[in-house]
Structures are given as C-alpha cells and as structure tokens.
A.B. asks: 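Here's a structure for you.
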Amino acid sequence: MKRLHQFLREQHTSPELIELIDTLLVACKEVAYLLKQGALAGILGSAGAENIQGETQKKLDVLSNDLLKKTLLSCSLVKGIASEEEDFPVAGNPNGKYLVTFDPLDGSSNIDVNVSVGTIFSILQAPTDLAGDDESAFLQQGSKQVAAGYVLYGPSNILVMTTGKGTHMFTLANTGDFFLTRELVQVPVTTKEFAINMSNQRFWEHAMQSYVDDMLKGEEGPLAKRYNMRWVASMVAEVHRILTRGGIFMYPYDYREPKKPGKLRLMYEGNPMSFLIEQAGGLSTNAYTHIMGIQPKGIHERVAVVLGSKEEVNIALDYHRRLA
Ligand code: AHG
Ligand code: MN
Ligand code: MN
Ligand code: MN
C-alpha cells in the first residue's frame, strides 16, 4: 500500500505543498481522535455561541476550528486562513506562500446523533501584494485553487483530495498514515440517485420543482427512470457517495432568504467540492454555470449547488435553461 507522501512525490507535488497538506492533516487527525471520544470527552452539544452564518455553533465546530487555525498558522507557508467559524480572515506569516479556507466541521448538525461529518479545505496561492487577513486576497475563482479536499470522519477516516492531477482517496490507518485506497476516482456519468432536502420544496425555483417532480414520477415520467433518494445532511458524506457510486446532490436557490442563494458557502464548500468532482469527471454548477467560474465577492458568500454525475447534472441544467 502506497503512503500519501510517496504518492504526492510521484505526482511531482512541490515539497512546500506536501508540507502544508501534512500540517493540515495533523489537525484533522486530532479532530478524528476527538470525534471518536465524543460524549466521553464532554465535547458534544452546543457551544452556546452563534457564527457569522447565524448558526448556533456546536462545541466541535469551535474545537475543530481552533485546532485547524492554530495548526495552520504555526506553518510558515500559510499567509492567512478563512473559516466558516471565523467572521474575518486571520493573518499568518506575511511571507507565506498559501492561503487556506476551510469548513472545520461540515455536517455538524449530525454530531450529536453520531452520523458522519467532515473537514473541507481549499488551498490558494497567496497574492504577494495583499495581507493575509485582507479578504480580497481570498476572493479568487475556484478554478485558481492549488489543491482541495476533505477528510470524512466515518466508519473509516478517508482523505479525498486533488492537486489538479485527478481525485484520489486515502484511508487513515491506526499508525496515523494515510494509505492510497482509490486512485483517479471517476464519477459514473449516469445515475438514478438524487440528494436534496425535500422539506424546502416550496421555496425552490419553478425549474427545480419541475425537475424533482419529474424524477419522482419514475419510469412513467418524462425522465423514464426509477430514481432513489438519499439525504445525509453532511455535504462531505453526500459528495463521497457521489464520487464512489455516482448521483446528483442539490442544495438549490431557495426563497427562504432571497439575498442568500442557498445555504452552502462558495469558498469552503462549493469550490473545494467542485474541484474534486470535476477532477473526477463530474460536473459542479449553481444550476446555471460552473461554480468554479464564479467570481467571489465575499468569503462567506453563499452559492446554490447542483453537482454530480455529468449526464444528470446536464438534465438539471436543461430544466433551468428552459424553465427559468
Ligand atoms: P455545516 O455543518 O458546515 O454548517 O454544513 C452543513 C451543510 C451541509 O453539510 C449539508 O449538506 C447541509 O448543510 C444540510 O442542510 P440541511 O440541514 O438544511 O439539510
Ligand atoms: Mn455550520
Ligand atoms: Mn459545511
Ligand atoms: Mn461547518
């Protein structure tokens, strides 16, 4: 079995980028250890504070955020970080080469019910002319990402990442090593499985309502397929399922908060997941255009997400072209 280091060196990944990924994974392994302890460490439940998203933070949102922030800012390669759980970016080494955005704990509403969660990260080149806590330094299109990935804390702890040379999966062993367990992952082109939070159906655009209605009509409907549905409420778990067996994941624009096109955040959910999916031959859009082509305007900017198996995402795009 090939270790992560050996694989990255064989891919001619720069020593600095390997060092940064290593540093980030030190924090993720610590998060994995905390999660395994759960209630025994008294770390479940709410932290009693609210983040800039308006969400009540879980203790583990805060713990994992503090771990990642401290560990990354101790690395001289990091010029700055931005996190779901930080109102503003935090500066690191002024001569650092990289910026890192992250969602320290994705799917945290699942923590107290012991369902899989994850850490999502995105690595960008740091502009030399902007400070590491200057928001505008981070506002780069997803197509500019140097690397992206997630660690899924589930029955296995699995790192899935890309540096732009395909999407690959590594499983964490008890030794603390990540071993390559799937190389050059390919998202199946077609699918019969969709993931969406149906309880928001009345808030969607007509095009999304029409598309999902037609999927629910099954073989007799215009899509002539018997679809199955999954919804884990952890984006990391949904994306991992789609990378593994195909599917389409949607968190669409909804009218609950017209100013915010959906719940997911562009910089540390939409962009990193889009990089992984498109490096694996899938498509990742906001129902109209590639997410990685969107010019960000703020580090906590929201984005509608329709991603997964290429053929199915194109069907969803077609509904939005015709019915928007
Ligand atoms: P986070 O826990 O980082 O705030 O993200 C949760 C996101 C995403 O992981 C998931 O797909 C979605 O929220 C679930 O939303 P609902 O709770 O509305 O289903
Ligand atoms: Mn959150
Ligand atoms: Mn999240
Ligand atoms: Mn989160």
Side-chain angles (χ1 to χ4, degrees), residues 1-8 13 18-41 43-44 58-72 75 83-85 100-123 147-163 166-185 230 232-245 249 268-269 272-273 275-277 279-280:
M1 298 282 266
K2 198 174 286 184
R3 284 182 171 75
L4 171 65
H5 258 221
Q6 183 190 345
F7 179 80
L8 291 177
T13 309
I18 293 177
E19 182 188 337
L20 175 53
I21 290 164
D22 243 6
T23 304
L24 189 140
L25 292 175
V26 166
C28 292
K29 285 187 256 190
E30 185 62 35
V31 172
Y33 175 72
L34 283 173
L35 285 165
K36 281 286 174 262
Q37 294 178 70
L40 296 175
I43 51 177
L44 300 183
K58 301 284 188 190
K59 284 178 190 162
L60 270 163
D61 279 323
V62 177
L63 276 169
S64 51
N65 181 65
D66 292 351
L67 260 171
L68 277 149
K69 183 168 70 170
K70 179 168 62 62
T71 309
L72 285 168
C75 175
S83 164
E84 177 197 352
E85 307 304 339
V100 185
T101 73
F102 56 88
D103 176 355
L105 207 69
D106 174 66
S108 49
S109 66
N110 283 323
I111 278 292
D112 298 346
V113 295
N114 203 39
V115 170
S116 300
V117 292
T119 296
I120 308 171
F121 63 90
S122 170
I123 298 174
Y150 59 78
V151 178
L152 173 61
Y153 309 110
S156 302
N157 293 313
I158 299 178
L159 164 69
V160 180
M161 64 168 284
T162 181
T163 60
T167 294
H168 315 282
M169 297 184 175
F170 306 83
T171 302
L172 180 61
N174 288 334
T175 57
D177 293 301
F178 280 97
F179 286 95
L180 178 69
T181 41
R182 276 193 69 189
E183 188 174 354
L184 285 175
V185 174
R230 284 284 180 275
V232 184
S234 274
M235 187 185 193
V236 182
E238 318 276 8
V239 169
H240 195 73
R241 186 186 57 250
I242 287 168
L243 285 168
T244 306
R245 69 182 189 211
F249 167 82
Y268 38 82
E269 290 169 320
M273 293 311 207
F275 198 9
L276 292 168
I277 288 285
Q279 280 287 311

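Since we're looking at a predicted model, the values are computed, not measured.
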A.B. asks: Ignoring hydrogens and angles, tell me if any N or O in the side chain of S122 forms a donor-acceptor pair with the backbone of P272 under 3.5 Å.
C.D. replies: no

A.B. asks: Given side chain to side chain contact (heavy atoms under 4.5 Å, CB included), test L35 with I111 step by step and report yes or no.
C.D. replies: CA-CA 8 Å; L35 285 165; I111 278 292; 3.5 Å; yes

A.B. asks: Determine yes or no for a side-chain-to-main-chain donor-acceptor pair under 3.5 angstrom, with T119 supplying the side chain and P104 the backbone.
C.D. replies: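 Indeed, once roles are kept as given, a pair shorter than 3.5 Å links the two residues.
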
A.B. asks: Between D106 and M235 (side chain of the first, backbone of the second, donor and acceptor by atom type, cut-off under 3.5 Å), is there such a pair?
C.D. replies: yes

A.B. asks: I'd like to know whether T244 forms a side chain to side chain contact (heavy atoms under 4.5 Å, CB included) with H240, so could you lay out the CA-CA distance, the side-chain angles of the two residues, the decisive distance to 0.1 Å, and finally the verdict.
C.D. replies: CA-CA 6 Å; T244 306; H240 195 73; 3.8 Å; yes

A.B. asks: Walk me through whether K29 and N157 qualify under side chain to side chain contact (heavy atoms under 4.5 Å, CB included).
C.D. replies: CA-CA 9 Å; K29 285 187 256 190; N157 293 313; over 6 Å; no

A.B. asks: Okay, side chain of E238, backbone of V232: is any donor-acceptor separation there less than 3.5 Å?
C.D. replies: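 At least one qualifying donor-acceptor pair exists.
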
A.B. asks: Any side-chain heavy-atom pair from F102 and N65 closer than 4.5 angstrom?
C.D. replies: yes

A.B. asks: If I take atom CE from residue M273 and atom CZ from residue F249, how far apart are they, to the nearest 0.5 angstrom?
C.D. replies: 8.0 Å

A.B. asks: Is there a side-chain contact between T167 and F275 in this structure, where contact means two heavy atoms from C-beta onward sitting under 4.5 Å apart?
C.D. replies: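 Not in contact.
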
A.B. asks: Specify the closest pair of heavy atoms between Y150 and L243, including all atoms of both residues, with the distance to one decimal.
C.D. replies: OH-CD1, 3.5 Å

A.B. asks: Could you tell me if the side chain of V100 sits less than 4.5 Å from the side chain of L68, heavy atoms only?
C.D. replies: no

A.B. asks: I'd like to know if the side chain of D22 and the backbone of E19 have a donor-acceptor N/O pair within less than 3.5 Å.
C.D. replies: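 The answer is no, because no donor-acceptor pair under 3.5 Å joins these two groups.
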
A.B. asks: Is I21 close to I123 at the side-chain level, that is, under 4.5 Å between some pair of heavy atoms?
C.D. replies: yes

A.B. asks: Quick one: does S234's side chain have a donor or acceptor within less than 3.5 Å of a partner on S116's backbone?
C.D. replies: yes

A.B. asks: Start with the C-alpha distance between T71 and E30, add both sets of side-chain angles, then the distance that settles side chain to side chain contact (heavy atoms under 4.5 Å, CB included), and finish with yes or no.
C.D. replies: CA-CA 10 Å; T71 309; E30 185 62 35; over 6 Å; no

A.B. asks: I'd like to check L152 versus V160 (side-chain heavy atoms, cut-off strictly below 4.5 Å). Are they in contact?
C.D. replies: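 They are not in contact (no side-chain heavy atoms under 4.5 Å apart), so the answer is no.
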
A.B. asks: Got a donor-acceptor contact below 3.5 angstrom from the S83 side chain to the E85 backbone?
C.D. replies: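 Checked: pair present.
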
A.B. asks: Which heavy atom in Y268 sits nearest to a heavy atom in D103, and how many Å separate them?
C.D. replies: O-CB, 3.6 Å

A.B. asks: Do F179 and R3 touch side chain to side chain, with heavy atoms closer than 4.5 Å?
C.D. replies: yes

